[in-house]
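Below, chains carry the letters A, B, ... as their sequence lines are ordered, and counting in each starts from 1.
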There are 2 protein chains.
Amino acid sequence: MTTPAGRGRPRAFDREAALEQATRLFWTKGYEATSIADLTEVMGIGAPSLYAAFGSKEKLYVEALHYYGDNYQAMVWGRFFSAGTAREAVESFLLDSAATLTGCVVDIPRGCMVTLSSVGSEGHSELGELVRIGRAAALDRLEARLGRAVAEGELPASIDIHALGRFVQTVQSGMSILARDGASRAELEAVADVAMLGWDARTGNRDGTGT
Amino acid sequence: MTTPAGRGRPRAFDREAALEQATRLFWTKGYEATSIADLTEVMGIGAPSLYAAFGSKEKLYVEALHYYGDNYQAMVWGRFFSAGTAREAVESFLLDSAATLTGCVVDIPRGCMVTLSSVGSEGHSELGELVRIGRAAALDRLEARLGRAVAEGELPASIDIHALGRFVQTVQSGMSILARDGASRAELEAVADVAMLGWDARTGNRDGTGT
DNA sequence: CGAATTATATATCGATCGATGCAGAAATCA
DNA sequence: TGATTTCTGCATCGATCGATATATAATTCG
């Protein structure tokens, strides 16, 4: 059913697998440093097939960003969304980030593809805006969860939701850079621990139990 | 005296000013995204003059990194080194980072050139190692100051110096990314405040006075 | 099997990359 | 001023960039 009627030769390579390889390469090297030759090599196809299947390098990068979001973001945000309290959500977010960004959960490149993406520095302003939006979405998620916690009475209404959200975002962003420099999962988890101490102090929870 | 004897035409352009412009461009766009044509334009010289004065693009980048360290790092590390206590040192480091990384002190690009440098992804492994060393040096400075604080009795010997150092480094690294995304100085200062609360909780100082 | 259709591989496009050769312009010393 | 030295602008180098035209190989339907 996915192939309508189509006479003639069907697609010969696995588009999803090729996209995954492209995603990992963009993830590792960044947009500008990744050439079409690099891509065709890891994707196992020729340049014409790449352009037939994905349109252009920019469009391929956009698809890679979506592939990344669909397949890897849950490793960091999964427990965040299912947690019962904002504190558990944030702690899970940071601890799962520590594990994921160091490639300890599955074999993936170190650091966050969205966080480390420095596209948009040059002419590719559209792509730069895209990853910038991705980073802004993370802050929105954090602040929304904090707002809910205030509404539910978990957090006092006096706290600065924006500042706390920015803080968590800052720590997680910094984790990506440290992960790229070789910091271990344990080191990043220790960073998350210290960050949560700041959380407790900020929110008035001083024993660290989170309740 | 700077010009030894030299017959013939002396240097016609200001090498230092040209280097500053090159530094700002590398700082803003990164190594790979900056072309020779971009450089010659902002430096106000031709390509042959650039190569005669700096040797190559890589060597120019190395000089730009040194220029950056010599001229801008003090804005972030100055009060860190002169502070009487480790807590004041770290707090100054983060607050001065908030101001500097948002371009509020002087007109400079947002974010830290060393932190945001994503060189080394590709064949330029030497440059990547260079900026990686720069980032490691920041961690060393932080840990050395914490170690001194333990030796002087400011901090208990039980604290995890490495974890605290990594934490501060993480926050400052994350600040660069947020600054690039347009976060304001006030936002980054609020982040620094929350981070210091984590510091106080970690080190047993619960009133935030630091003494 | 033959006709029709489609993906692939080879080769190459113009543009730009980092880097230079060359000749003229400019400045200093005798 | 003239000889010397050095820097600069123009043109261009080979290599590689992203992207394609062309032609062959491969597959399906009639």
[atom1] of [X] versus [atom2] of [N]: gap in Å, rounded?
| X | N | atom1 | atom2 | answer |
| --- | --- | --- | --- | --- |
| B:Leu39 | C:dG18 | CG | C1' | 11 Å |
| B:Ile45 | D:dC10 | CD1 | P | 14 Å |
| A:Phe13 | D:dT27 | CZ | P | 15 Å |
| B:Leu50 | C:dT20 | CG | C1' | 13 Å |

Legend entry - Ring-face cation contact, B:Phe26 with B:Lys57, 6.0 Å cut, 45° max: no
Inset, instruction - Could you pull out all residues at least two apart from B:Asp96 that satisfy side chain to side chain donor-acceptor pair (under 3.5 Å)? - result: B:Arg79
Inset, instruction - Go along nucleotides 18-24 of chain D 5' to 3' and tag each nucleotide: B for a protein heavy atom under 4.0 Å from its base, S when only backbone or sugar atoms are that close, - otherwise. - result: SBBB---
Legend entry - Degree of bending in the helix from C:dC1-D:dG30 to C:dA30-D:dT1 once both end axes are built from five pairs, to 10°: 0°
Legend entry - Residues that B:Arg110 engages under salt bridge (charged side-chain N to carboxylate O under 4.0 Å, His left out), provided they are two or more places apart: none
Inset, instruction - Could I get the full list of salt bridge (charged side-chain N to carboxylate O under 4.0 Å, His left out) partners for B:Asp181, not counting sequence neighbours? - result: A:Arg135
Table please: side-chain donor-acceptor pairs of residues 17-24 of chain A below 3.5 Å, with sequence neighbours left out.
unit_1, atom_1, unit_2, atom_2, d
A:Glu20, OE1, A:Tyr67, OH, 3.3
A:Thr23, OG1, A:Leu19, O, 2.7
A:Arg24, NH1, A:Asp107, O, 2.8
A:Arg24, NH2, A:Asp107, O, 3.1

Legend entry - Any pair counted as salt bridge (Lys or Arg N to Asp or Glu O under 4.0 Å), so long as it reaches residues 45-54 of chain B, sequence neighbours left out: none
Inset, instruction - Among residues two or more places apart or on two chains, list those pairs meeting salt bridge (Lys or Arg N to Asp or Glu O under 4.0 Å) that have a residue in residues 137-147 of chain B. - result: none
Inset, instruction - Can you run down the side-chain hydrogen bond (donor to acceptor under 3.5 Å, both in side chains) pairs that involve residues 164-176 of chain A, sequence neighbours left out, and say none if there aren't any? - result: A:Ser97-A:Gln172, A:Arg166-A:Gln169, A:Arg166-B:Glu187
